[in-house]
Number of protein chains: 2
Amino acid sequence: MEKQIHGRRYEERNNKPLFKPCAPNSVLTRLGDKWTILVMSHLALADGHRLRFSELKQGIEGITQRMLTLTLRNLERDGLLIREYFPEVPPRVEYQLTDMGASMLPALEGFTSWIRNNWPSIEECRKTYDQR
Amino acid sequence: MEKQIHGRRYEERNNKPLFKPCAPNSVLTRLGDKWTILVMSHLALADGHRLRFSELKQGIEGITQRMLTLTLRNLERDGLLIREYFPEVPPRVEYQLTDMGASMLPALEGFTSWIRNNWPSIEECRKTYDQR
DNA sequence: CCGTATCCTCCGAGATACTG
DNA sequence: CAGTATCTCGGAGGATACGG
């Protein structure tokens with residue numbers, strides 16, 4: 001029988017729960033990396049108005065060309081944004097969120113506010129734990 | 001001036017947004033790793049009833065002693081669970097979520113369901129993208 | 001039983017340089 | 001302008017062995 005706790009599926013074997021790693025976790029993994037949320041937030045702020053590569057780069061402190069490219073490619077691969085290439089000289093490339101991409105950050109907002117509310121406590125716990 | 005989009009803070013410089021990496025993102029990073037959510041889910045299922053190290057290990061498919069230990073230590077460090085050591089022979093160690101820990105997965109549930117709803121589409125996009 | 005100690009491999013991610 | 005191509009380093013995470 002398939003059961004769930006807080007949206008996480010698990011099996012029951014010999015009356016004991018069994019949890020398994022699963023692929024959809026890769027979505028959380030991506031969101032947890034250093035740049036993904038910043039890129040998506042910048043695009044969300046543009047709100048349908050497309051942004052150029054250079055605009056994104058300037059709007060995200062410390063990101064390198066390479067990491068921006070990788071982050072954008074991953075998001076494109078997942079269908080969260082659309083890349084549009086204009087073969088001009090010099091070249092121009094514009095990015096915008098897909099509908100699915102635009103729906104992602106709002107869906108995350110509940111948890112974002114949990115983090116904001118609990119962050120001071122977490123930081124405090126880390127300090128306490130680390131001094132020993 | 002401090003502004004926000006979907007709970008993400010950013011600055012405004014020369015009328016352009018500027019996003020920066022921030023420390024609270026480490027919470028998402030941890031949740032994105034391979035084992036953290038599985039460990040927390042198992043503890044959440046126990047619902048206040050404490051679990052032994054070996055119970056956790058048996059209930060999470062494929063986890064090694066080392067990774068379970070590391071995951072538990074990180075969660076303890078963040079104040080999300082409590083570790084209780086009983087100096088018996090053989091030794092016994094029990095774990096349970098703190099109140100903050102117990103509130104975490106429910107806060108994440110909205111986004112979990114977003115993932116579940118959009119996962120088929122994401123998988124499809126990846127396949128399409130990968131064949132070229 | 002509940003870990004720690006080693007060793008190893010792989011990949012994320014930064015720095016830097018080059019190009020259509 | 002918007003990228004690749006290399007190189008490098010460190011840390012995540014697995015396998016295995018040992019210890020209180």
Side-chain angles (χ1 to χ4, degrees), chain A residues 16 19-23 25-39 42-43 50-78 81-96 129-130 132, chain B residues 16 20-23 25-39 42-43 50-78 81-96 129 132:
Chain A
K16 302 235 171 191
F19 292 88
K20 305 180 178 184
C22 70
N25 197 48
S26 59
V27 176
L28 266 179
T29 301
R30 188 135 313 292
L31 281 176
D33 74 20
K34 194 169 176 182
W35 305 111
T36 295
I37 288 189
L38 302 180
V39 169
H42 198 161
L43 288 167
R50 296 175 303 193
L51 292 181
R52 301 187 60 165
F53 184 88
S54 51
E55 290 179 290
L56 284 165
K57 177 145 170 35
Q58 288 164 20
I60 299 171
E61 189 174 270
I63 198 168
T64 60
Q65 276 195 339
R66 174 181 148 79
M67 290 316 298
L68 180 54
T69 300
L70 287 178
T71 304
L72 288 166
R73 290 293 182 281
N74 281 324
L75 290 173
E76 186 191 6
R77 176 170 181 263
D78 285 357
L81 62 75
I82 292 174
R83 177 179 186 272
E84 199 160 355
Y85 175 77
F86 300 88
E88 311 165 353
V89 183
R92 177 166 52 105
V93 181
E94 295 184 345
Y95 295 91
Q96 65 181 320
Y129 185 92
D130 287 344
R132 297 158 323 143
Chain B
K16 303 234 171 189
K20 305 179 179 185
C22 69
N25 197 48
S26 59
V27 176
L28 267 179
T29 302
R30 188 135 316 289
L31 281 176
D33 74 19
K34 196 169 175 182
W35 305 111
T36 294
I37 288 189
L38 302 179
V39 169
H42 198 162
L43 288 168
R50 295 175 304 193
L51 292 180
R52 301 187 58 167
F53 184 88
S54 51
E55 291 179 289
L56 284 166
K57 177 147 169 38
Q58 288 164 20
I60 299 172
E61 190 174 271
I63 197 169
T64 60
Q65 277 195 339
R66 173 181 148 77
M67 289 316 296
L68 179 54
T69 300
L70 287 178
T71 304
L72 288 167
R73 289 293 182 280
N74 281 324
L75 291 173
E76 187 191 5
R77 177 169 181 263
D78 285 356
L81 62 74
I82 292 175
R83 176 179 186 272
E84 199 159 357
Y85 174 77
F86 300 89
E88 310 165 355
V89 183
R92 178 166 52 104
V93 181
E94 296 184 343
Y95 296 90
Q96 65 181 319
Y129 184 93
R132 301 155 319 144

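All chains are named by letter (A, B, ...) in the order of the sequence lines, taking the proteins before the strands, and each is independently numbered beginning at 1. Since the structure is predicted, the reported quantities are computational estimates derived from the model, not experimental observations. Side-chain atoms are counted along with the backbone in the values below, which use heavy atoms only and exclude waters and symmetry mates.
- Atom CG of B:Leu75 sits about 8.0 Å away from atom CG of B:Leu43, to the nearest 0.5 Å.
- The line from CG of A:Leu38 to CG of A:Asp33 is 9.0 Å long, rounded to the nearest 0.5 Å.
- Protein atom NZ of A:Lys57 is 10 Å distant from nucleotide atom P of C:dA15, rounded to whole Å.
- One finds a side-chain N or O of B:Lys34 lying less than 4.0 angstrom from the OP1 or OP2 phosphate oxygen of D:dG14.
- One can place CD of A:Gln58 at 14 Å from P of D:dG3, the figure rounded to the nearest angstrom.
- Distance CG (A:Leu68) to C1' (C:dA15): 16 Å, rounded to an integer number of Å.
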*Could you walk me through whether B:Leu70 and B:Met67 pass the side chain to side chain contact (heavy atoms under 4.5 Å, CB included) test, one step at a time?*
CA-CA 5 Å; B:Leu70 287 178; B:Met67 289 316 296; 4.1 Å; yes
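- Note that the CH2 atom of A:Trp35 and the CG atom of B:Asn25 stand 10.5 Å from one another [nearest 0.5 Å].
- Rounded to an integer number of Å, the gap from B:Ile63 CD1 to D:dG13 C1' is 11 Å.
- Straight-line distance from the CG atom of A:Leu70 to the C1' atom of C:dA15: 14 Å, rounded to whole Å.
- Rounded to a whole Å, the CE atom of A:Met67 is 16 Å from the C1' atom of D:dA2.
- Judged as a side chain to side chain contact (heavy atoms under 4.5 Å, CB included), and not counting sequence neighbours, the contacts of B:Arg83 are B:Arg73, B:Glu76, B:Tyr85, B:Val93, B:Tyr95.
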*Starting at the 5' end of nucleotides 1-8 of chain C, put B wherever the base has a protein heavy atom under 4.0 Å, S where only the sugar-phosphate does, and a dash everywhere else.*
BBBB-B--
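- The CG-C1' distance, from A:Asn74 to C:dA13, rounds to 13 Å in whole Å.
- At whole-Å resolution of the value, CG in A:Leu56 and C1' in D:dG3 are 14 Å apart.
- In terms of heavy-atom proximity, B:Leu51 sits nearest to B:Leu56 at CD1-CD2, 3.9 Å.
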